[in-house]
Amino acid sequence: MTTEPPERADIVIIGGGVMGASTAYHLARRGAGSVLLLERNSHFGQEATGRCAGGVRYQFATEVNVRLSIASLPMLERLRQDTGTDCNYRKCGYLFVLTKPEEVAVFRHNVAMQRGLGVQVEWLEGEEVRRRLPLMHFPDALAGTFHALDGLADPNSVVMGYLQRARQLGARTLTDAEVVAIECQAGRVQAVRTRAGRIACAHVVNAAGPWLAAIGAMAGVQIPVTPIRRQMVTTTPLPELPLDFPFVIDFAQSLYFHREGEGLLTGMSNPDQAPGLDQNIDEVWELTALEHAAARMPLLERAGRLSGWAGLYEVTPDSHPIFGLTPVEGFWVVGGFSGHGFMHGPISGKLMAEFILDGAASSVDVSTLDLARFTEGRLIHEYNVV
Ligand SMILES: Cc1cc2nc3c(=O)[nH]c(=O)nc-3n(C[C@H](O)[C@H](O)[C@H](O)COP(=O)(O)OP(=O)(O)OC[C@H]3O[C@@H](n4cnc5c(N)ncnc54)[C@H](O)[C@@H]3O)c2cc1C
């Protein structure tokens with residue numbers, strides 16, 4: 001939907017991925033005044049959100065991430081009720097395969113923490129991992145973890161569901177609306193500028209995902225988010241693949257597999273990937289990743305390549321997101337999920353509405369995930385990054 005931007009809005013959201021869409025919906029639902037979402041592309045949800053693997057999980061290494069999942073994943077289940085759109089949440093479970101003794105020790109500790117929060121993760125011995133994955137080759141599996149409520153959902157439906165409902169509730173959402181400047185005066189946001197004109201506003205939410213730092217710089221705020229390319233491929237149908245095949249992660253190699261249609265989706269994070277905004281497929285890495293994938297799943301030798309694409313992770317120094325106010329009054333930030341933001345999109349928008357309308361987030365305590373932690377040395381490390 002392309003129209004001219006208005007001259008003013010109470011709250012302007014920059015970015016039409018899952019964070020922006022969820023924030024727009026939650027603000028509109030609470031009657032937050034005039035809410036305007038600006039997306040640079042000609043369609044919403046085409047960047048990190050639209051290129052993601054669609055995985056949703058409760059299995060994280062820090063309490064705050066598990067709590068975000070506990071709040072967010074049921075919101076995916078309620079999406080149809082809340083917005084009229086279903087996101088096809090399939091609970092196939094995530095199975096982390098552990099092949100290194102040091103991983104086993106950390107995961108044992110994490111499973112105890114997860115269970116303490118009510119997340120019933122199963123601990124699997126190596127033999128049980130092999131029994132559950134007969135199509136895979138894991139002679140070196142020492143142990144594994146499985147959680148049946150983890151799974152997959154459709155990112156596009158989540159974005160579209162939130163945006164459609166936000167519009168019904170009075171929000172405006174514009175495509176082809178690139179923000180090129182943010183005006184601030186006396187430490188306060190005054191307006192944003194697009195190529196089509198100036199929009200005076202009291203609040204700006206920076207939800208620009210991998211471009212979070214670039215938007216921050218427009219307001220003179222340093223946001224330590226680095227874009228890093230990640231890529232994956234899907235295969236032609238593999239009839240041997242059972243319908244309930246889980247989301248499998250070979251943790252040491254950051255190599256993952258899940259059912260996609262009648263075939264498989266597989267990806268592997270390149271540990272040497274240089275930061276940057278390049279979203280072209282690295283064909284050399286694709287071959288490397290496929291060789292590693294076929295070694296774990298020999299069946300892949302018989303599959304064809306159906307499609308492949310690359311996208312950008314939005315990575316922070318501690319692999320945790322950033323929520324809340326910046327040093328500029330009225331300039332808010334939500335992002336930097338470091339590879340797992342799709343699943344936390346629903347609760348993140350709700351938290352942003354709480355920040356802006358109530359002065360503090362109440363649904364989940366994210367006070368440790370403020371922007372100031374980077375300058376104040378309060379980083380929190382997340383081990384379960386894929
Ligand atoms: C390959 C890959 C696999 C992934 N797998 C998973 C997974 O399985 N599970 C999971 O939970 N997460 C996964 N993620 C991470 C997840 O995709 C992201 O964390 C999440 O989508 C971030 O959402 P966002 O709204 O912050 O960013 P985006 O979706 O990138 O949205 C930001 C938007 O801001 C817009 N924008 C930027 N600059 C401007 C500007 N100047 N003016 C206007 N608009 C602007 C962009 O065009 C973009 O649409 C994966 C990511 C990748 C790349």
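Bear in mind the structure is a predicted one, so any value in this text is a computation, not a measurement. Atoms within a ligand are numbered from 1 in the order they appear, just like the ligands themselves.
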**Q** What is the nearest protein non-hydrogen atom to atom 27 (O) of ligand 1, stated with its residue, atom name and distance?
**A** Gly209 CA, 3.4 Å
**Q** Report the relative orientation of the aromatic rings in Phe107 and Phe96; use parallel for angles under 30°, tilted for 30 to 60°, perpendicular for over 60°.
**A**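 Taking Phe96 first and then Phe107, their aromatic rings sit tilted (interplane angle of 30° to 60°).
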**Q** Which protein heavy atom lies closest to atom 5 (N) of ligand 1, and at what distance to 0.1 Å?
**A** Ala53 N, 3.0 Å
**Q** Please check whether Arg51 reaches ligand 1 - meaning an N/O of the residue sits under 3.5 Å from an N/O of the ligand, judged on distance alone.
**A** no
**Q** Can you figure out which of Met218, Arg230, Met232, His43 has its heavy atom closest to atom 3 (C) of ligand 1?
**A** Met232
**Q** Please check whether Phe342 reaches ligand 1 - meaning an N/O of the residue sits under 3.5 Å from an N/O of the ligand, judged on distance alone.
**A**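 Checking ligand 1 against Phe342, an N or O pair does fall under 3.5 Å apart.
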**Q** Which atoms of ligand 1 sit under 4.0 Å from any heavy atom of Leu38?
**A** 43 (C), 44 (N)
**Q** Should the pair Arg230 and Tyr313 be classed as cation-pi, given the thresholds of under 6.0 Å to the six-membered ring centre and 45° from the axis?
**A** yes
**Q** Considering the heavy atoms of Gly311, write down every atom of ligand 1 situated less than 4.0 Å from one of them.
**A** 53 (C)
**Q** With the threshold set at 4.0 Å, does a side-chain nitrogen-carboxylate oxygen contact exist between Glu127 and Arg131?
**A** no
**Q** Using a 3.5 Å cut-off on N or O atoms only, is Pro210 in polar contact with ligand 1?
**A**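 Between Pro210 and ligand 1 (N or O atoms, distance only) the closest approach is not under 3.5 Å.
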**Q** Given Cys92, which partner from the list Leu152, Asp244, Val248 fulfils the side-chain contact (heavy atoms from CB on, under 4.5 Å) test?
**A**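 So the option named by the test is Leu152.
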**Q** Could you check atom 34 (O) of ligand 1 against the protein and tell me its nearest heavy-atom contact, residue, atom and distance included?
**A**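 For atom 34 (O) of ligand 1, the nearest protein heavy atom comes out as Gly15 CA, 3.2 Å.
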**Q** Using 4.0 Å as the upper bound for N to carboxylate O, is an ion pair formed by Glu291 and Arg296?
**A**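 Result for this pair is no, no salt bridge flagged.
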**Q** Thinking salt bridges, do Asp318 and Arg373 make one under a 4.0 Å N-O criterion?
**A**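 Looking at Asp318 and Arg373, the cut-off is met.
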**Q** Does any N or O in the side chain of Thr23 come within less than 3.5 Å of the main-chain N or O of Met352, such that one atom is a donor and the other an acceptor?
**A**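 Not a single qualifying donor-acceptor pair exists.
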**Q** Is there a nitrogen or oxygen of Gln46 sitting under 3.5 Å from a nitrogen or oxygen of ligand 1?
**A** no
**Q** Is a donor on one side and an acceptor on the other found under 3.5 Å between the side chain of Trp285 and the backbone of Met268?
**A** yes
**Q** Please check whether Thr49 reaches ligand 1 - meaning an N/O of the residue sits under 3.5 Å from an N/O of the ligand, judged on distance alone.
**A** yes
**Q** Tell me the protein heavy atom at minimum distance from atom 18 (C) of ligand 1, and give that distance in Å.
**A**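 So the nearest neighbour among protein heavy atoms is Glu314 OE2, 3.3 Å.
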**Q** Please indicate whether any nitrogen or oxygen in Trp211 is less than 3.5 Å from any nitrogen or oxygen in ligand 1.
**A**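 N/O-N/O distance below 3.5 Å does not exist for this pair.
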**Q** Look only at interatomic distance and state if Met343 has a nitrogen or oxygen under 3.5 Å from any nitrogen or oxygen of ligand 1.
**A**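 Indeed, backbone or side chain, Met343 has an N or O that close.
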**Q** Only heavy atoms of Glu178, strictly under 4.0 Å: list the atoms of ligand 1 that pass.
**A** 41 (N), 42 (N)
**Q** Would you mind checking which non-hydrogen protein atom is closest to atom 41 (N) of ligand 1, with the distance to 0.1 Å?
**A** Val179 O, 3.0 Å
**Q** Just to be sure I'm reading this right: ignoring hydrogens, which of His340, Glu47, Arg57, Arg40 gets closest to atom 43 (C) of ligand 1? Compare them by their nearest heavy atoms.
**A** Arg40
**Q** If we only count N/O pairs under 3.5 Å, is Met19 in contact with ligand 1?
**A** yes
**Q** Which heavy atom of the protein is the closest neighbour of atom 35 (C) of ligand 1, given with residue, atom name and distance?
**A**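 Protein heavy atom with the smallest distance to atom 35 (C) of ligand 1: Glu39 OE1, 3.3 Å.
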**Q** Can a salt bridge be assigned to the pair Arg90 and Asp154 using a cut-off of 4.0 Å between side-chain N and carboxylate O?
**A**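 No.
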**Q** Are Phe337 and His320 an aromatic pair, judged by ring center distance below 6.0 Å?
**A**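 No - the distance between ring centres of His320 and Phe337 does not fall below the 6.0 Å cut-off.
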**Q** Just checking, any donor-acceptor pair under 3.5 angstrom between side chains of Gln81 and Arg78?
**A**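 Judged by distance alone, the side chains do not pair up.
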**Q** Relative to Phe60, does Arg57 satisfy both conditions: NZ or CZ under 6.0 angstrom from the six-membered ring centre, and within 45 degrees of the ring's axis?
**A** yes
**Q** Do Thr194 and Glu178 have a side chain donor and acceptor closer than 3.5 Å?
**A** no
**Q** Any N or O on Ala48 sitting closer than 3.5 Å to an N or O of ligand 1?
**A**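 Yes; the residue has a nitrogen or oxygen that sits under 3.5 Å from a nitrogen or oxygen of the ligand.
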**Q** Side chain, backbone, both or neither: which applies to Val18 and ligand 1 if a contact is any heavy-atom pair less than 4.0 Å apart?
**A**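 Within the 4.0 Å criterion, Val18 contacts ligand 1 through backbone and side-chain atoms alike.
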**Q** Nearest heavy atom to atom 9 (N) of ligand 1: which of Gly55, Ala177, Ala207, Gly16 does it belong to?
**A**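 Minimum heavy-atom distance to atom 9 (N) of ligand 1 goes to Gly55.
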**Q** Just to be sure I read this right, does ligand 1 sit under 4.0 Å from the backbone of Ile215, its side chain, both, or neither, counting only heavy atoms?
**A**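 The part of Ile215 near ligand 1 is the side chain, not the backbone.
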**Q** Is any N or O atom of Cys52, backbone or side chain, closer than 3.5 Å to an N or O atom of ligand 1?
**A** no
**Q** Closest non-hydrogen protein atom to atom 13 (C) of ligand 1, residue and atom name please, with distance?
**A** Gly339 O, 3.1 Å
**Q** Please determine which of Arg132, Arg115, His147 meets the side-chain hydrogen bond (donor to acceptor under 3.5 Å, both in side chains) test together with Glu122.
**A**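 Option passing the side-chain hydrogen bond (donor to acceptor under 3.5 Å, both in side chains) with Glu122: Arg132.
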**Q** Can you check whether Val18's main-chain N or O pairs, donor with acceptor, with Ser22's side chain at less than 3.5 Å?
**A**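 Pair absent, no side-chain N/O of Ser22 close to backbone of Val18.
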